Amino acid sequence: MIPYGAQAIDQSDIDAVVQVLQGRFLTQGPAVAEFEQAIGKQAGCRYVVAVSNGTSALHLACCVLDLEPGDIFWTTPNTFVASASCGLFRGAQVDFVDIHPDSRNMDIHCLEEKLRQAKRLNKLPKCVIPVHFAGLPCELDRIQALSKEFGFKIIEDAAHALGARYRNSSIGNCQYSDITTFSFHPVKMVTTGEGGAICTNDETLYRRLLRLRQHGIEKPVFDGRHPNTLHAYQQVEVGYNYRLTDIQAALGTSQMKKVGLFLKSRQEKAAYYYEQLKHLPLKLPKTGAHMKSSWHLFVIELETDIETDRIKTDKVDSDRDALAVFLKERGIGTQVHYIPVYWHPSIARQGFKPGYCPNSEAYYKRALSLPLYPGLSQEEQDYIIQSLKEYFS
Ligand SMILES: *Cc1c(COP(=O)(O)O)cnc(C)c1O
């Protein structure tokens, strides 16, 4: 079975991990610091805090931006649940901004309209979490301008977008946001097994992120209460154990050396899909001239009838799920990114009804992610393309 996504691990990755296992530190140690430097260099930000996964990265971002019960935060419905869970952990209330059908990212006009309405109702969000879906950057300059007008903080969920670029700046440099988070789950651009990172240029936020990563503990302590300050520490605020291990970080640093190759490989495969699939009744991903996708995903949309969700052509009578089954029967794995987040029972029960974000729902019914990862061979990709051509012929 060809999976829709997969990690690329080589001997140098294995050697890097083995080297840590033979050394003194297993959990957070010098390898984590080295990994943070590598991310900082790629992202172009001042401070990086590596953490246990992308979800804990988002959670700590919400903590240090003081998202509290009674506060409201907004994200896109076209994302993984973690983009919403992170603020719900804080007891804040979530709301969603519909996507643009072409970028599949948060629609700037919907965002602006919703902000104006929220201002009238005195229900402005404290924080907005845009997601660079599939690796394509959101319109960050517009979101930043709106954040200044309406006074909200920005957390970029860049789980898909390590290596992506927007207007000559790297995603992660936080030029347009307060914080950017990454994930190093095996399907993402580079992997640490499980892992995540938080980028910021704000030293105060950085200090607090470091503390919250390890139980909210700081040391040394010089408050006079301890007879020997050598072993003293104190919990300044209740924090978490969100540390990354040195084992994972060593894998991460080794992977980061290849991020340029990974990006190039994904970009070439995406271009090949584009070239080969452009005459089929499919809507292919769009990119903007002022941005560069990291091509985490290659999502096709079936050109289905808006009423029936079935393909229009007279040659095939089908829908997205039938195509997915057809491909699966040929050993080709696909995935759907994403079920509108507010459809999940955990969030639907907060009062979101079907139809809340029509663009996201229409997109969801037609979308299918094709296999795309550095290890996908030319033969495999040709086989996928040939299968699609066969399906529509
Ligand atoms: C993967 C992902 C996350 C969560 O990352 P984990 O490392 O799996 O916790 C968050 N947001 C998006 C958009 C993701 O794709």
Side-chain angles (χ1 to χ4, degrees), residues 3-7 32 35 39 48-63 73-90 94 96-97 99 103-106 127-138 140 143 154-164 171-172 177 179-199 213 240-245 248-249 251-252 255-256 266 285 293-299 335-344 346-347 360 363-364 367 369 372-373:
Y4 89 88
Q7 69 273 24
V32 168
F35 182 43
I39 298 162
V48 180
V49 178
V51 291
S52 51
N53 55 64
T55 307
S56 52
L58 284 165
H59 182 201
L60 289 193
C62 291
C63 291
F73 70 102
W74 295 358
T75 188
T76 164
N78 186 30
T79 185
F80 183 55
V81 290
S83 313
S85 315
C86 58
L88 298 173
F89 295 158
R90 301 287 302 162
V94 68
F96 299 91
V97 182
I99 60 167
S103 69
R104 299 131 172 199
N105 279 329
M106 187 180 278
C127 186
V128 173
I129 309 180
V131 178
H132 305 305
F133 176 75
L136 185 71
C138 296
L140 287 169
I143 298 174
I154 303 170
I155 301 171
E156 294 173 64
D157 180 346
H160 297 183
L162 183 74
I171 293 298
S177 64
I179 291 176
T180 304
T181 66
F182 292 108
S183 163
F184 308 117
H185 179 278
V187 297
K188 308 290 163 77
M189 301 302 293
V190 303
T191 191
T192 57
E194 294 281 356
I198 310 160
C199 297
R213 173 174 64 177
Y240 305 87
N241 178 354
Y242 279 170
R243 288 185 301 257
L244 191 71
T245 68
Q248 294 166 307
L251 175 56
Q255 289 263 298
M256 285 301 288
R266 285 177 177 274
S293 178
S294 57
W295 291 108
H296 167 56
L297 301 171
F298 193 92
V299 183
Q335 188 55 272
V336 174
H337 300 94
Y338 284 101
I339 298 165
V341 169
Y342 60 83
W343 280 15
H344 292 285
S346 57
I347 292 171
S360 301
Y363 158 82
Y364 160 68
S369 301
L372 180 65
Y373 48 93

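Numbering of ligands and ligand atoms starts at 1, following listing order. All figures in this text were calculated on a predicted structure; none of them were measured in a lab.
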Inset, instruction - Check the angle between the aromatic planes of Tyr342 and Phe96 and answer parallel, tilted or perpendicular using the 30° and 60° thresholds. - result: tilted

Legend entry - Protein heavy atom at shortest distance from atom 4 (C) of ligand 1: Thr55 OG1, 3.6 Å

Inset, instruction - Measure the distances from the heavy atoms of Ser56 to every atom of ligand 1 and state whether one is below 4.0 angstrom. - result: no

Legend entry - Residue, atom name and distance, where the atom is the protein heavy atom closest to atom 15 (O) of ligand 1: His160 NE2, 2.8 Å

Legend entry - Ring centroid separation Phe89 to Tyr240 under 6.0 Å: no

Inset, instruction - Closest by any non-hydrogen atom to atom 13 (C) of ligand 1: pick that one out of Thr181, Val51, Thr191, Thr79. - result: Thr79

Inset, instruction - Taking only heavy atoms of Gly195 into account, list the atoms of ligand 1 that are under 4.0 Å away from them. - result: 7 (O)

Legend entry - Heavy-atom side-chain contact between Tyr242 and His59 under 4.5 Å: yes

Inset, instruction - Check whether any heavy atom of Lys188 sits under 4.0 Å from an atom of ligand 1. - result: yes

Inset, instruction - Check Leu58, Val32, Ile198 against Val51 for a side-chain contact (heavy atoms from CB on, under 4.5 Å) and give me the one that passes. - result: Ile198

Inset, instruction - Specify whether Tyr364 and Trp343 have parallel, tilted or perpendicular ring planes, treating 30° as the upper limit for parallel and 60° as the lower limit for perpendicular. - result: perpendicular

Inset, instruction - Say whether His185, considering both its backbone and side-chain N or O atoms, lies within less than 3.5 Å of an N or O atom on ligand 1. - result: no

Legend entry - Heavy-atom gap Tyr338 to ligand 1 smaller than 4.0 Å: yes

Legend entry - Which of the ligand 1 atoms, numbered from 1, are nearer than 4.0 Å to a heavy atom of Gly54: 5 (O), 6 (P), 7 (O), 9 (O)

Inset, instruction - Identify, by atom number and element, the atoms of ligand 1 in contact range of Ser183, meaning under 4.0 Å from any of its heavy atoms. - result: 1 (C), 5 (O), 6 (P), 7 (O)

Legend entry - atom 10 (C) of ligand 1 [closest protein heavy-atom partner, distance rounded to 0.1 Å]: Asp157 OD2, 3.6 Å

Inset, instruction - Please tell me if the side chains of Met189 and Arg266 come closer than 4.5 Å, counting only heavy atoms from C-beta onward. - result: yes

Legend entry - Any Ser83 heavy atom less than 4.0 Å to ligand 1: yes

Legend entry - With His337 via ring pair (Phe, Tyr, Trp, His ring centres under 6.0 Å) - residues at least two apart: Tyr4

Inset, instruction - Return yes if a side-chain donor-acceptor contact under 3.5 Å exists between Ser177 and Glu156, otherwise no. - result: yes

